[in-house]
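Worksheet for the structure shown next.
Residue numbering restarts at 1 for every chain, and letters A, B, ... go by the order of the sequence lines.
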Amino acid sequence: MNGYEHKQVESKWQERWEKQRVSEVDLKNARDKYYMLMMFPYPSGDRLHVGHGRNYILGDALYRYLRMRGRRALNPMGWDSFGLPAENAAIQRGIHPRDWTLDNIRVMKKQFRKWGILYDWSKEITSCLPDYYKFNQWLFLQMLEKVLAYKRRAPVNWCPSCRTVLANEQVVEGACERCGTAVEQRELEQWFFRITDFADRLLAGLEGLPGWPEKVKAMQRNWIGRSQGGEIDFSLVGQFDSLAPITVFTTRPDTVHGATFLVLAPEHPLAAVLVAGHPEREAIAAWIEKVRKTPRIEREGESSPKEGRFTGAMATNGATGDAIPVWLANYVLPDYGSGAIMAVPAHDGRDLAFARQEGLPVRLVYHPEAGAVTADELKQPILHEGRIRGCGEFDGLSGGAETIQRFIAWMEKGGWGRAKVTYRLRDWLISRQRYWGTPIPVVYCDACGIVPVPESELPIELPYEVEFTGKEGNPLSRCAAFVNTICPRCKKPSRRETDTMDTFVDSSWYYLRYLSARDSQRIFDPGTAARWAPVDQYIGGIEHAILHLLYARFICRVLHDMGLVPFEEPFTNLFNQGMITRFAEKTGRVEKMSKSKGNAVSPDPLIEEMGADTERVYTLFLGPPEDEVEWSDEAVSGAYRFLHRIWRLAGRLEECPPTAPSDEALERLRHVTIQRVTRDLDRFKFNTAVAALMEFLNGLTRAVEDKTASKICCEAALDTLLQLLHPMAPHITEELWEMRGHGQSLLDTDWPVLDEAKLAREQFLLVVQVDGKLRDRIEVESVWGEKEVRLAVLQSLKVQEHLGGREVQKFVFIPGRLVNLVTRKDMPA
RNA sequence: GCGAAAGUGGCGGAAUUGGUAGACGCGCAAGCCUCAGGAGCUUGUGGUCGUAAGGCCGUGGGGGUUCGAGUCCCCCCUUUCGCACCA
């Protein structure tokens, strides 16, 4: 037998798998279905590195395992192919985004193939092609009709570098998540999806997702940010008493007696009205404008100074009857709650700081039970302690949900307050002022206003011939052939919407499109979707914990309400694989592998030198797949050696004797390994599965070398090893399997079955402890009961030595494992 | 501040869920083989004392429960991640 030529073997099997379309699934039959899905990648111009590889290798190993376990596994792949980088490439290099993208897809597909990854390519989808985005447009029209899509003028996040607006979810610490540029606030007419209507359902749904990582659910809860509290009205007095009262939101209605002033966000519509007659109205207006323009990072930084202006207006605190001043301040945000707060300096840190700064009054509602504090002395707000004093019927109460309820009931009775729930979640801003995205299918008509494009006219295709200048404005809006159209309603000349959709719209329903990838009439077939969806196992990076996964859960509910799918949760189980890191010379630190940091490892030379199977085994062996792991260039050779040792061993089975004494031992090891690998793969523990197979190989090699097992037994062991290893190292195992004379592809064989009886041992080494310390190991018969074991243990010289003549107070016997002889006197006998 | 995780040899990491801590691999050391090797093979490898047998110590720190704790409970410390002037 020759040495292992990985190059030949790998290309041979890759070709065969492709030719025989081994991973194509007929969706008509959904028996034993298992829909697994990798988050579809963005075809960027960068070649995939081994860090990306980890994700796909993991998925492929799972896929092959499921197949062998008899599941009808669907593993499709596609391309999340709209987005900014394509457009930037066009501007920088003069390549059309479409050509650039489709080229990148070809390159990436080749890389998948070289890793030996099997996808069902018959269901491939490409989101930047009209046969896909047509249904984005269809979905948009449905949502427009149900008023789940709407356009409004609103302060929005504008990235000056990407020259487009961003969704709230795409702003990270006040900066654009893509390019890091500080985001500006602009007032613009934009399209939104009404995700806030679904806030409660999205929150509640998380409870029904035991198969999701706690971390992701926590992040989503955080993001939705439900706060329960009350809404309280404060009537304006004096010259403004004819205006509607100011409504504030608070989580602490129980502190209303301590509200000594009100604060509006400077952007609050009432602000301009209240200061209109103010002697310094111009200065105040200028200040409001300044606050409005302040980038969010500065405004929302915790250390940013608080600034405020008194409007001159007064309002009545319904609890005390006092007239309290109405202020404007930058620390109140326009888009949370009602954009107005009641300030309770005694019981809120921010309000206290502002009150001290501006010399505003402080009034205690809750008084500490030990040691009196006056309002003037208060340095720290009293948050969750004390009892109410000086508030009439509420005196003596301590804080908590019940007290809050009593206050709300009181306000409701008086008609100046009510229970209210507020969310941090904002509506999803989906319009982008860029070319490379799904055109929003509406027309602006001078006579008819906003007119949806009729379904029959879909898709509204992106024009190929446009100019990429990189200057302000969407290239689409400069394309007359696209913009100029006629109104579908009145047939008069009108203009098309030139904004395109956020690419997260594309990815919010793609998992359903795989199931009807070639259907040109419908977004997907509801029957097939009901049978195959939801996705059983979704695999992807934690970076999508909020954005993509929240949007997909939202759109799934929209589709559910439309009667298109019978479920509300698209992904039953979610797995977040960890990143691969490596030392980066540029920064001198261990960082996430990336091209820009210069620490990426290309799979090409690695596959060339040691083979894809080596990369696969090493990647899976590296550590728990959900953990971040550091790549080691040296350690790869361990996997390489492992595979070569299998190859060499396969050529030595002829040396084995026809009969041998310890077949049971090898047979036992075989079944132990089946048990371990099966359990490990069920729990995604590929690292320990590989370790178990290495141990198996070590044991088998020993048996062959020492000639302690028969040929038949060794052959059975090798066959099992090949089957168990196949998900991790598919090429070499297929080749050896074929060389062993098996006709069928390993992929189509049944996963080895565990025979529990084979795990039994006649004798085993019993661990013997004296007073909890390991003192000896003695060989005992498995059938022995406590009496026989005790007798044997007491005969051990080592045990006798450590007992030192003391009496055994207690004899702990754990069958099949250990005994513990306790001599301590303090033990109750 | 709120929330989610995690701390085990020189390194990556195991530990059947309360029962032999350090599996497996990398690295390192010694030896074998080879014209040579960045190939292969064998043996060893937590610390410490000891020629050895063996002893003692050891899973971030401190307590506790238990015959027995990396694992359970309490209190700290550290690190990573997410959210945050959110009322």
Side-chain angles (χ1 to χ4, degrees), chain A residues 3 172-173 213-223 225-227 229 248-252 255 263 265 299-306 329-333 335-344 347-351 353-354 383 422-424 542 545-546 617-618 621-624 626-642 644-645 648 672 675-676 679 685 687-698 705 765-777 798 801 808-814 816-824 827-828:
Chain A
V172 178
E173 284 172 18
E214 210 42 58
K215 177 179 182 159
V216 173
K217 289 191 277 186
M219 283 167 74
Q220 293 216 352
R221 271 186 213 109
N222 234 327
W223 189 262
R226 182 180 200 269
S227 331
V248 306
F249 172 74
T250 176
T251 52
R252 294 294 304 275
T255 61
V263 187
R299 172 128 175 226
E300 293 183 8
E302 203 166 352
S303 52
S304 335
K306 291 183 173 40
N330 61 351
Y331 76 94
V332 175
L333 305 173
D335 52 4
Y336 185 75
S338 60
I341 63 157
M342 65 174 199
V344 185
H347 305 298
D348 181 279
R350 294 153 299 175
D351 295 343
F354 190 69
L383 298 177
T422 295
Y423 300 90
R424 205 187 76 101
I542 186 74
I546 295 172
V617 169
Y618 173 64
F621 182 59
L622 202 47
E626 66 274 21
D627 287 2
E628 184 179 292
V629 287
E630 192 180 334
W631 182 269
S632 154
D633 294 313
E634 289 175 325
V636 184
S637 57
Y640 183 75
R641 281 179 205 146
F642 169 58
H644 277 254
R645 278 164 50 215
R648 280 199 305 272
V672 165
Q675 187 182 43
R676 286 178 64 185
R679 198 188 55 223
K685 298 276 180 199
N687 54 330
T688 47
V690 173
L693 290 167
M694 285 172 167
E695 287 182 63
F696 188 24
L697 176 66
N698 292 346
E705 259 167 19
L765 277 180
L766 180 83
V767 171
V768 182
Q769 297 180 334
V770 175
D771 288 329
K773 289 201 175 183
L774 174 72
R775 293 307 182 190
D776 200 5
R777 294 180 179 88
K798 284 182 191 169
E801 196 180 310
V808 175
Q809 304 286 325
K810 186 174 178 183
F811 186 81
V812 180
F813 176 59
I814 309 295
R817 212 177 289 272
L818 62 66
V819 295
N820 189 7
L821 311 182
V822 186
T823 69
R824 285 209 319 267
M827 268 302 304

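Glu214(A) comes within contact range of the sugar-phosphate backbone alone, with a heavy-atom separation under 4.0 Å but no base atom that close. Looking at heavy-atom distances under 4.0 Å, Ala691(A) makes contact with a base. As judged by a 4.0 angstrom heavy-atom cut-off over every strand, Val636(A) is placed among residues making no nucleic acid contact. The residue Lys773(A) sits close only to the backbone: its heavy atoms come under 4.0 Å of sugar-phosphate atoms, none of a base. If you check every strand for non-hydrogen atoms under 4.0 Å, Arg775(A) touches sugar and phosphate atoms only.
The shortest side-chain heavy-atom distance between Leu818(A) and Gln769(A) falls under the 4.5 Å cut-off. At least one side-chain heavy atom of Ile341(A) sits less than 4.5 Å from a side-chain heavy atom of Asp351(A). When side chains are defined from C-beta on, Asn687(A) counts as touching Lys685(A), because their heavy atoms get closer than 4.5 Å. Residues Glu214(A) and Lys217(A) form a side-chain contact, since some pair of their non-hydrogen atoms from C-beta on lies under 4.5 Å apart. Met694(A) has its side chain within reach of Phe621(A): a pair of non-hydrogen atoms, C-beta onward, lies under 4.5 Å apart.
Of the nucleotides present, G31(B) is the one that pairs with C41(B) by Watson-Crick or G-U wobble criteria, both distances under 3.5 Å. Of the nucleotides present, none pairs with U20(B) by Watson-Crick or G-U wobble criteria with both distances under 3.5 Å. Nucleotide G82(B) is matched to C2(B) when pairs are restricted to Watson-Crick or G-U wobble geometry with both distances under 3.5 angstrom. G46(B): Watson-Crick or G-U partner is C57(B), with both key distances under 3.5 Å. Base pairing of C11(B): its partner is G25(B), meeting the Watson-Crick or G-U wobble criterion (both donor-acceptor distances under 3.5 Å).
Remark on RNA chain B: of its neighbouring residues Asn330(A) and Glu801(A), the 5'-side contact belongs to Glu801(A), judged by nearest-heavy-atom nucleotide. Each of Glu628(A) and Thr250(A) was matched to the nucleotide of RNA chain B holding its nearest heavy atom; the match closer to the 5' end belongs to Glu628(A).
Comparing U78(B) with A14(B), their C1' atoms are spaced 24 Å from each other, to the whole Å. If you take atom C1' in G13(B) and the same atom in G22(B), they sit 10 Å apart, rounded to whole Å. The separation of G50(B) from G55(B), taken at their C1' atoms, amounts to 9 Å, rounded to a whole angstrom. Straight-line distance between the P atoms of A36(B) and A23(B): roughly 34 Å, to the nearest whole Å. Using C1' as the reference atom, A69(B) and C32(B) are 45 Å apart when rounded to the nearest Å. Nucleotides A53(B) and C72(B) have their C1' atoms positioned 38 Å apart, rounded to a whole Å. Nucleotides U20(B) and G31(B) are separated by 31 Å at their C1' atoms, to the nearest Å. For the P atom pair drawn from A84(B) and C77(B), the interatomic distance equals 26 Å after rounding to whole Å.
Rounding to whole angstrom units, CZ of residue Arg221(A) and P of C81(B) are separated by 22 Å. The CZ atom of Arg641(A) sits 11 Å away from the P atom of U42(B) (whole-angstrom rounding). Rounded to whole Å, atom P of C26(B) lies 17 Å from atom CD of Glu630(A). Rounding to whole angstrom units, CD of residue Glu634(A) and P of G25(B) are separated by 16 Å. The distance between atom CG of Asp771(A) and atom P of G68(B), rounded to the nearest whole Å, is 9 Å. Protein atom CZ of Arg645(A) is 11 Å distant from nucleotide atom C1' of G40(B), rounded to whole Å. Taking atom CG of Asp348(A) as the reference point, atom P of C86(B) lies 8 Å away to the nearest angstrom. In this structure, Ile542(A) places its CD1 atom 12 Å from P of A5(B), rounding to the nearest Å.
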Practice task
For each nucleotide in nucleotides 14-22 of chain B, reading 5' to 3', give B when a protein heavy atom comes within less than 4.0 Å of its base, S when such contact involves only the sugar-phosphate, and - otherwise.
Solution key: S-B--BB--

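Side-chain proximity of Lys798(A) to G25(B), G54(B), A4(B): nearest is G54(B). In this structure, the nucleotide among A4(B), C85(B), G13(B) sitting nearest to the side chain of Lys215(A) is A4(B).
Glycosidic conformation of U8(B) is anti; the angle lies outside 90° of 0. By the rule that a glycosidic angle within 90° of 0 means syn, G9(B) counts as syn.
A sub-4.0 Å separation between OP1 or OP2 of C86(B) and a side-chain N or O of Asn222(A) is absent. Taking 4.0 angstrom as the limit, Lys810(A) places a side-chain polar atom (N or O) nearer than this to OP1 or OP2 of C67(B). A close approach under 4.0 Å does not occur between any side-chain nitrogen or oxygen of Arg424(A) and OP1 or OP2 of G82(B). The side chain of Ser227(A) places an N or O atom within less than 4.0 Å of a non-bridging phosphate oxygen (OP1 or OP2) of A87(B). Phosphate contact (OP1/OP2 of C41(B), side-chain N/O of Arg648(A), threshold under 4.0 Å): present.
Looking at Phe642(A), Trp631(A), Tyr640(A) one by one, the single match for side chain to side chain contact (heavy atoms under 4.5 Å, CB included) with Tyr618(A) turns out to be Trp631(A).
With rounding to the nearest 0.5 angstrom, the CG atom of Leu333(A) is 11.0 Å from the CZ atom of Arg424(A).
Between the side chains of Arg645(A) and Asn698(A), a donor-acceptor pair is found at a separation under 3.5 Å.
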Problem - Derivation and outcome, salt bridge (charged side-chain N to carboxylate O under 4.0 Å, His left out), residues Lys798(A) and Glu801(A) - result: CA-CA 5 Å; Lys798(A) 284 182 191 169; Glu801(A) 196 180 310; over 6 Å; no

Practice task
Carefully, step by step, assess Asp771(A) and Lys773(A) under the rule salt bridge (charged side-chain N to carboxylate O under 4.0 Å, His left out).
Solution key: CA-CA 6 Å; Asp771(A) 288 329; Lys773(A) 289 201 175 183; over 6 Å; no

